Amino acid sequence: MSEPIFKTTDRCRGCGAEGLRNFLDLGRVPLADALVPESRRGIEEARYPLTVAFCPSCSLVQIRETVPATTLFGEEYPYYSSFSPYLVEHSRRNVEAIVDDRRLGPDHLAVELASNDGYLLQWFQKAGVKVLGIDPAPGPAQAAIEKGIPTLVEFFDDDMAGRLRSEGVVADVIIGNNVLAHVPNQNRFVAGIARLLADDGIAVHEFPYVRDLVDHVEFDTIYHEHACYFSVHAVRDLYGRHGLPLIKVEHLPIHGGSLRVTFGRGSAPDPSVEEYLSEERRIGLTDFTYYEAFAGRVKNVKAELRALLDDLKSEGASIAAYGAAAKGTTLLNYTGVGANYLEYVVDRNVHKQNWYMPGVDLPIHDPAVLVTDRPDYTLILAWNFKDEIIAQQQEYVEAGGRFVIPIPHPAVQ
Ligand code: DWN
């Protein structure tokens, strides 16, 4: 077994304060995207503690454990954004709105941090805007390069930003979707954004909203890739420390509920900023008490899911799963659901097929297997895309297949 190498932080990743308060312990789990190849089956997988804490000083929610980024986003990192059509379409709409609003053209540069396989930058390129991707995961980055998206296969931080600026690279737009949460050193990352961004530029970032995580018990979106879980207060304070004022906030349904936040110098804040800040204060999102009961609700979801699957198995039902998602690793390993209930997982991402889910030794197949094998039920691990997934599986539905949605309350749909 590869020895788990990690550090446990006693100080807040955002403001550096001591006094972090734990409120959820998800036990020792394998890395969420550490799929297992046939050649490594049976070899004990590294498991890491996963503890979630709240910072009373800046209200940033974060995990205590830091796994080296090179371990998390290495050669075998399997996540390719383009296998989620909804995500690609969501990105197109986002980019087209920015291009129109900012009147971007061939003299402008859009930089994306964690640009993956070019799923988003392709839309800036189609609009005639210059693009530059930055992503440390070799697989997705190479896919972007093959699409003609210039991509630097590196981790972004203030040193890299300084190097780019010295080479004359200045960004008019910096996109960073679902990346901030992945950065163990938040301040060096945001300092880099501040250095790379033009004085009249904007940084537009999306990330899961901690309010949705708690309100909808989305505990499975907690894994070692996600070091932080943001409120508007926490992200405003973090970027504000680096001279990047928060100027707009939008609430989006994607990934179980996300925020899209825009930062920029020289622009007056949109009314949405104060609206979200005052709402967060009103509901107590900046107080520890908001999170205290969360662990109990997570335990309830675990018990409800096990009871539901026990009932289905007692009826002799066969059960598969859909979505070899990172969140699926947390859900299956924390709830103890694996080959004791499920026969296999299916996923459209060809880079995941013929590998095995971390920690539970479940094979990953092409979704076409649902039609040929016709399991009685399919547990949707990528529940954030359930509508899109079910719409694709009409042949399975017409053959009598049914779905189990695990979050926020396990139920057959
Ligand atoms: O932050 C992250 C989020 C944004 O994406 C990354 N660190 C890792 C990843 O997390 P995830 O794997 O939980 O994300 P998804 O996008 O919810 O995973 C969906 C999985 O389902 C992917 O493996 C693709 C697959 N899928 C599919 O097979 N058919 C997705 C759709 C929409 C489909 O139709």
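One-based numbering, in listed order, for ligands and for the atoms of each. Because the structure is a prediction, the values reported are computed rather than measured.
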Check: [X]/[Y] side-chain N/O donor and acceptor closer than 3.5 Å:
X      : Y      : value
Tyr239 : His205 : yes
Glu112 : Tyr119 : yes
Asp270 : Ser272 : yes

Enumerate the atoms of ligand 1 whose separation from the nearest heavy atom of Tyr77 is less than 4.0 angstrom.
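Those atoms are 6 (C), 7 (N), 8 (C).
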Distance under 4.0 Å to a non-hydrogen atom of Ala326: what atoms of ligand 1 satisfy this?
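Those atoms are 10 (O), 11 (P), 12 (O), 13 (O).
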Assess whether ring-ring contact (aromatic ring centres under 6.0 Å, His included) is satisfied between Phe189 and Phe156, documenting all intermediate values.
CA-CA 7 Å; Phe189 186 81; Phe156 179 78; 5.6 Å; yes
Out of Val88, Asn349, Asp347, whose heavy atom is nearest to atom 24 (C) of ligand 1?
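Ranked by closest heavy atom to atom 24 (C) of ligand 1, first place is Asp347.
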Run down the list Tyr223, Tyr322, Trp383 and name the one with the heavy atom closest to atom 27 (C) of ligand 1.
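The option holding the nearest heavy atom is Tyr322.
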Stacked cation flag Arg21 on Phe288, 6.0 angstrom / 45 deg
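Yes, Arg21 lies over the aromatic ring of Phe288.
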For [X], which part has a heavy atom under 4.0 Å from ligand 1: side chain, backbone, both, or neither?
X      : result
Glu225 : side chain
Lys327 : both
Asn384 : side chain

Could you check atom 19 (C) of ligand 1 against the protein and tell me its nearest heavy-atom contact, residue, atom and distance included?
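Its nearest protein heavy-atom neighbour is Ala382 CB, 3.8 Å.
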Answer with yes or no whether Tyr86 contacts ligand 1, where contact means a heavy atom under 4.0 Å from a ligand atom.
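Tyr86: no contact with ligand 1 (<4.0 Å).
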Test of ring centre spacing under 6.0 Å for His224 and Phe6
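Ring centres of Phe6 and His224 not closer than 6.0 Å.
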Are Phe219 and Tyr334 close enough that their ring centers fall under 6.0 Å?
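Centroid distance Phe219-Tyr334: below 6.0 Å, so yes.
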If you measure every N or O of Asn178 against every N or O of ligand 1, does any of those distances drop under 3.5 Å?
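No: no nitrogen or oxygen of Asn178 is under 3.5 Å from one in ligand 1.
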